[in-house]
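Everything on this sheet refers to the single structure shown next.
FYI, the numbering just counts along the sequence from 1. None of these values were measured; they are calculated from a predicted model.
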Amino acid sequence: MPAKKSPSLKDPELYEELREDGASKQKAARISNAAASKGRSAVGRKGGKAGDYEDWTVPQLKAKAKEIGLTGYSAKKKSELISALRNS
């Protein structure tokens, strides 16, 4: 459990599990709040339409990084871009 409870977290238990698995604070909060409002099984079925980042070209990865507001992506290698996108 976090030291102080955040009113914006709807499922703090899931949030902590995700953080322990290595998810960023933002990603863990997004997933835990979606699971609390829609149900965990509904959130688990979501996604999977974009394909693997490994199949994307570097310009496509950089465009995605720009789209979601990442910084410092222009000098990154493909593997670093993939890691940054997955952990954002």
Side-chain angles (χ1 to χ4, degrees):
M1 271 304 173
K4 70 176 194 176
K5 292 185 179 181
S6 173
S8 63
L9 289 176
K10 309 294 189 262
D11 189 343
E13 185 178 305
L14 179 58
Y15 172 84
E16 288 301 322
E17 288 176 25
L18 293 166
R19 290 290 290 145
E20 287 173 10
D21 287 341
S24 69
K25 291 178 182 179
Q26 296 87 358
K27 185 175 184 178
R30 253 191 336 262
I31 293 170
S32 67
N33 289 344
S37 67
K38 297 177 185 173
R40 289 186 182 194
S41 62
V43 172
R45 287 190 299 266
K46 188 175 177 184
K49 298 174 186 154
D52 293 330
Y53 282 139
E54 284 81 6
D55 297 335
W56 291 28
T57 64
V58 172
Q60 289 172 319
L61 293 168
K62 287 182 179 181
K64 182 66 172 179
K66 182 178 182 178
E67 177 185 320
I68 64 173
L70 293 181
T71 58
Y73 58 84
S74 62
K76 292 186 185 281
K77 296 178 182 177
K78 184 173 183 172
S79 61
E80 295 169 328
L81 282 167
I82 291 169
S83 179
L85 288 167
R86 287 188 175 146
N87 296 314
S88 65

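Applying the salt bridge (Lys or Arg N to Asp or Glu O under 4.0 Å) definition to pairs two or more places apart or across chains, those involving residues 59-71 are Lys64-Glu67. For residues 76-88, the set of pairs meeting the salt bridge (Lys or Arg N to Asp or Glu O under 4.0 Å) definition, not counting sequence neighbours, comprises Glu54-Arg86. Applying the salt bridge (Lys or Arg N to Asp or Glu O under 4.0 Å) rule to pairs touching residues 19-33 yields nothing, sequence neighbours excluded.
Looking at residues two or more places apart in sequence or on another chain, you find no side chain to side chain donor-acceptor pair (under 3.5 Å) involving Ser24. The side chain to side chain donor-acceptor pair (under 3.5 Å) search around Thr57 returns Gln60, not counting sequence neighbours.
Annotation for Leu81 and Leu61: closest pair CD1-CB, 3.9 Å, computed over non-hydrogen atoms.
Remark: the backbone N or O of Ser32 is not paired with any side-chain donor or acceptor of Asp11 at under 3.5 angstrom.
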